[in-house]
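Some notes on the structure that comes next.
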Amino acid sequence: MAFELEALVGHLYIIGGRPINVNPPGALVVVAPQDAARGREGDTFFTLIVPSGTIAPTTFYEQLAVLAAERYFNTGGSVTIAMRTMFQVLNRNLYEHNQAHSEYEQQQFEASAIVAVLHGDDMYVARVGPVVSVLQTAGLTLTFPDDFTQEESLYSAPLGISQEPEVSMVRYGVDAGSRLVLADANLCEIPVTQLTSVLLENDIKQVLDSLRNAIKVQGQLMLMELLPPNIESPVPAAPGESSLEVSAKLNEARLQLESDGPSRPAQRKRGLSAVLRWGLARLARRAAAVLGGLSRLFQRFLPLPEPGSDRNPAAGSMALAVLLIPLFIVAVVVFSWVSNTGESEFEQCLQRLQETASLARSMDNSNRRSITSAWNAALQVVDVCENMRPGDPVIEAMRQEAQDVVDTLNNVQRRIANPLTNFQNASIARLRLKGTDMYALDTKNHLVYRIKISDDGTEAERQEPVPNMRRGATVDGFSIGQIVDIAFDDVSNELAMIDENGTLVRCRPQFIMICNAQRILGVEQWENPSALTVWGRRLYILDSEGGQIWKYDPSGASYPSAPREYFTKDARPNLRNVVDFTISQAGDVYVLYDDGVMKKYNAGEERAFAFSGFNEGSELYTTMTEGFYLNDSPFAPAFFVISRGARAVYETTLAGTFMDSYQAVEQDKFELLSAIVAYPIHDIIYVASGNSIFRLHKSPNT
């Protein structure tokens with residue numbers, strides 16, 4: 001299938017206030033090669049890699065951009081998985097080089113990178129480091145990150161600094177006429193209102209000229225305008241590889257591989273709507289240019305008097321003004337009626353929202369993806385209008401309609417997230433529940449809290465820190481360091497805690513002040529312990545970097561022996577990106593990766609397991625996951641998986657089949673999702689987000 005949209009691309013490279021007549025060295029545009037992995041065949045890849053720290057030779061950024069494109073097109077699966085894998089490869093290469101050469105004080109390599117992928121009518125953007133994007137589409141200006149003034153989100157760590165890259169992603173719906181800028185952080189010096197005006201210029205050349213005038217000292221950027229195929233470029237441009245040609249080559253390659261398959265399908269014609277949208281967008285920009293010209297013309301022939309001037313106008317000028325003013329007023333009224341400039345900004349926004357909603361309502365119900373994109377676009381316009389007039393009932397009604405449709409299509413249950421409790425200056429990373437006793441691990445302060453919950457599960461009756469489970473405490477002569485994790489031993493009915501030094505502390509809930517401690521053996525074999533589970537009184541410690549789960553066998557009330565390996569074969573699984581693990585009552589080990597993939601093992605051997613039944617585009621592997629909870633009791637057995645990116649809780653059967661997903665009515669409450677447990681007796685789910693614990697009921701009537 002040929003691409004729905006193609007890109008007209010321009011570049012800007014400014015050093016010391018002077019434009020350089022070459023493309024930025026880390027800028028690259030690549031259409032899918034013939035040997036692209038499945039799922040990548042129709043993609044167009046844009047990247048901009050810019051210096052961070054010491055500036056390297058230009059070939060460094062050129063080669064890094066080429067490597068990024070190669071890795072992306074060689075990776076199958078979803079777009080987000082391919083983008084994340086690409087960033088991990090780039091980061092690993094730089095990080096390992098920096099680690100190997102740090103002791104010799106040789107040059108360290110760092111870089112910031114932003115990538116955009118055009119996939120059908122979706123544009124995916126991902127960034128690492130202080131790089132940004134600005135999208136102008138359907139009358140909206142969308143920045144990534146959302147707020148250019150928030151340094152915490154803007155200035156994230158570049159590639160090569162840490163073992164895992166801090167990747168941020170966003171997805172937009174785009175159409176003909178949309179314009180996207182990928183740039184370094186210098187673009188943030190331009191106010192968003194000015195960027196909006198610039199991106200609405202008549203053609204891409206004028207946009208680049210305006211950006212060149214606005215960037216004072218230095219900057220690197222890539223600008224692209226999306227056009228329907230076979231539309232003549234509005235400005236002179238060197239042709240690249242056409243997506244139509246790429247599509248033909250891919251079809252020919254498939255025919256050679258599938259000689260006995262069906263004949264080559266006819267190429268799909270480009271829809272008239274895409275061409276019309278592109279033409280209307282250009283017409284609107286031309287109208288804006290005409291209005292600007294008229295404004296300058298009136299200012300030239302009918303200038304306003306200079307401030308402080310007391311000079312009387314000449315009689316001829318006054319007569320001319322008397323004749324022209326009525327005509328001017330009539331012209332303005334007519335022009336305002338035609339161009340809607342007589343309406344307030346909010347009224348224009350409301351009209352745009354109604355048009356977007358009408359388009360979404362008129363779409364074919366069988367096209368789930370298009371309907372979802374249309375209503376998501378309506379939600380974006382709702383946000384803009386709501387900022388102009390908060391609390392407007394019409395806007396609220398439109399938001400509710402759009403949200404209800406999107407939730408229904410995505411099988412989302414919207415629930416009120418009631419606060420159970422919160423802790424000052426804390427970051428809750430783990431929750432454990434035993435009866436009506438909940439335990440929360442605060443990894444910011446490295447201490448454990450105990451929360452006593454009411455019998456109906458709705459209130460926290462009291463809460464207190466566990467004195468012997470905090471960094472700096474001394475238990476049986478052992479000083480507690482940074483806490484790795486906590487777990488509950490169902491056999492001995494004890495809460496267990498392990499720190500980075502191998503100090504194991506165990507406390508009984510009924511005597512939480514009285515604990516015992518020991519230093520377990522084999523700590524020198526650990527590389528990066530990250531999670532603890534107790535099963536059958538054995539300790540299981542996940543070592544994500546070492547690719548191992550260490551087993552400790554009990555002897556009486558202690559663990560005197562060295563650890564044994566859970567994975568005993570030479571080919572160990574890669575556990576580097578595992579975020580959580582647990583063990584079922586049957587002894588099955590489940591490990592969850594940050595990309596939403598879960599694997600199942602028994603006696604060290606992998607068993608078949610996969611999540612299924614999710615709607616297209618809502619699969620767990622399309623978003624990041626932070627943790628999960630296994631309820632394998634006879635009462636309502638299920639997996640509960642949390643995704644901070646989707647701000648959602650997903651419920652599946654023990655076989656991995658989708659059942660439901662839950663989101664908060666106030667979505668910002670789930671912005672920092674980090675841990676989850678369930679109370680199946682009362683159908684309650686508890687989630688930790690930042691320093692707070694929330695409860696939500698699975699039943700809508702509770």
Side-chain angles (χ1 to χ4, degrees), residues 163 429-432 439 441 443 446-448 466 468-471 475-476 478-492 494-507 515-569 572-585 587-594 598-606 626-630 674-675:
Q163 291 181 336
R430 190 77 75 197
L431 295 176
R432 303 296 186 191
Y439 300 90
L441 172 60
T443 53
H446 286 276
L447 59 86
V448 178
V466 180
N468 292 320
M469 291 186 175
R470 60 178 177 83
R471 182 172 54 191
V475 185
D476 290 344
F478 297 101
S479 179
I480 309 301
Q482 292 192 9
I483 301 175
V484 173
D485 200 3
I486 57 175
F488 208 89
D489 185 343
D490 292 322
V491 176
S492 63
E494 292 179 326
L495 177 69
M497 180 222 79
I498 194 78
D499 76 357
E500 61 182 357
N501 302 315
T503 304
L504 174 68
V505 179
R506 299 166 67 89
C507 309
C515 306
N516 62 75
Q518 74 167 99
R519 185 68 54 83
I520 60 177
L521 303 176
V523 177
E524 66 278 358
Q525 301 179 61
W526 299 356
E527 292 189 34
N528 183 28
S530 57
L532 169 69
T533 289
V534 183
W535 182 81
R537 293 211 59 221
R538 288 196 187 101
L539 302 181
Y540 290 80
I541 298 175
L542 171 67
D543 186 356
S544 54
E545 288 295 327
Q548 190 56 266
I549 296 175
W550 301 104
K551 296 193 301 182
Y552 288 85
D553 296 316
S555 177
S558 64
Y559 296 85
S561 304
R564 295 184 294 125
E565 296 181 336
Y566 180 76
F567 299 107
T568 56
K569 293 190 175 182
R572 297 179 181 178
N574 180 4
L575 304 177
R576 290 185 61 184
N577 298 320
V578 171
V579 293
D580 200 1
F581 87 115
T582 195
I583 304 177
S584 69
Q585 295 183 24
D588 295 318
V589 174
Y590 294 90
V591 296
L592 177 68
Y593 290 78
D594 62 2
M598 184 179 285
K599 293 189 177 181
K600 175 182 177 181
Y601 298 91
N602 191 286
E605 298 285 343
E606 186 171 358
E626 276 67 41
F628 74 108
Y629 175 77
L630 166 62
S674 55

Distance (rounded to the nearest 0.5 Å) between Trp550 CH2 and Glu565 CD: 4.5 Å

Might you point out which heavy atoms bring Tyr590 and Lys600 nearest each other, and give the distance in Å? OH-CE, 3.6 Å

What are the two closest non-hydrogen atoms of Val475 and Asn516, and how far apart are they? CG1-C, 4.2 Å

With the side chain counted from C-beta on, respond yes when Cys515 and Val505 share a heavy-atom pair under 4.5 Å apart, and no when they do not. yes

Nearest 0.5 Å, please: how far is CG in Asp476 from OG1 in Thr503? 10.5 Å

Find the distance between CG (Asp543) and CG (Leu575) and round it off to the nearest 0.5 Å. 8.5 Å

Supply the atom-to-atom distance Ile520 CD1 to Tyr552 OH, rounded to the nearest 0.5 angstrom. 4.0 Å

Using distance alone, with no hydrogens and no angle criterion, decide if Arg576 and Ser544 have a side-chain donor and acceptor under 3.5 Å apart. no

Determine whether Glu500 and His446 make a side-chain contact, defined as any pair of heavy atoms from C-beta on separated by less than 4.5 Å. no

Given side-chain contact (heavy atoms from CB on, under 4.5 Å), test Ile480 with Met497 step by step and report yes or no. CA-CA 10 Å; Ile480 309 301; Met497 180 222 79; 3.8 Å; yes

Evaluate the side-chain proximity of Asp580 to Arg430: yes if any heavy-atom separation is below 4.5 Å, no if none is. yes

Could you check whether any side-chain heavy atom of Pro563 comes within less than 4.5 Å of a side-chain heavy atom of Gln525, counting everything from C-beta outward? yes

Are the side chains of Leu630 and Ser584 in touch, meaning some heavy atoms are under 4.5 Å apart? yes

Do Phe628 and Met598 have side-chain heavy atoms sitting under 4.5 Å apart? yes

Of the non-hydrogen atoms in Leu431 and Ala675, which two are nearest, and what is the gap between them? N-CB, 3.8 Å

Return the minimal non-hydrogen interatomic distance between Ala496 and Leu532, and the atom names on each side. O-CD2, 4.1 Å

Using side-chain contact (heavy atoms from CB on, under 4.5 Å), reason through Lys599 and Val591 one step at a time and then give a plain yes or no. CA-CA 5 Å; Lys599 293 189 177 181; Val591 296; 3.9 Å; yes

Would you compute the distance between atom CG of Leu539 and atom CD1 of Ile549 and round it to the nearest 0.5 angstrom? 13.0 Å

Work out which heavy atom in Asp485 is nearest to a heavy atom in Leu441; give both atom names and the distance. CA-CD2, 3.9 Å

Tell me whether the centres of the aromatic rings in Tyr540 and Phe581 are closer together than 6.0 Å. no

Hey, does Met469 have a side-chain heavy atom less than 4.5 Å from the side chain of Leu495? yes

Atom pair CH2 (Trp535) and CG (Asp489), whose distance is rounded to the nearest 0.5 Å: 12.0 Å

When you measure from the side chain of Arg537 to the backbone of Ser555, do you find a donor-acceptor pair of N or O atoms at a distance under 3.5 Å? no

With the side chain counted from C-beta on, respond yes when Arg506 and Leu504 share a heavy-atom pair under 4.5 Å apart, and no when they do not. yes

Nearest atoms (heavy-atom pairs only) where Asn574 meets Tyr593: O-OH, 2.7 Å

Any sub-3.5 Å donor-acceptor pair from Gln548's side-chain atoms to Tyr566's backbone N or O? yes

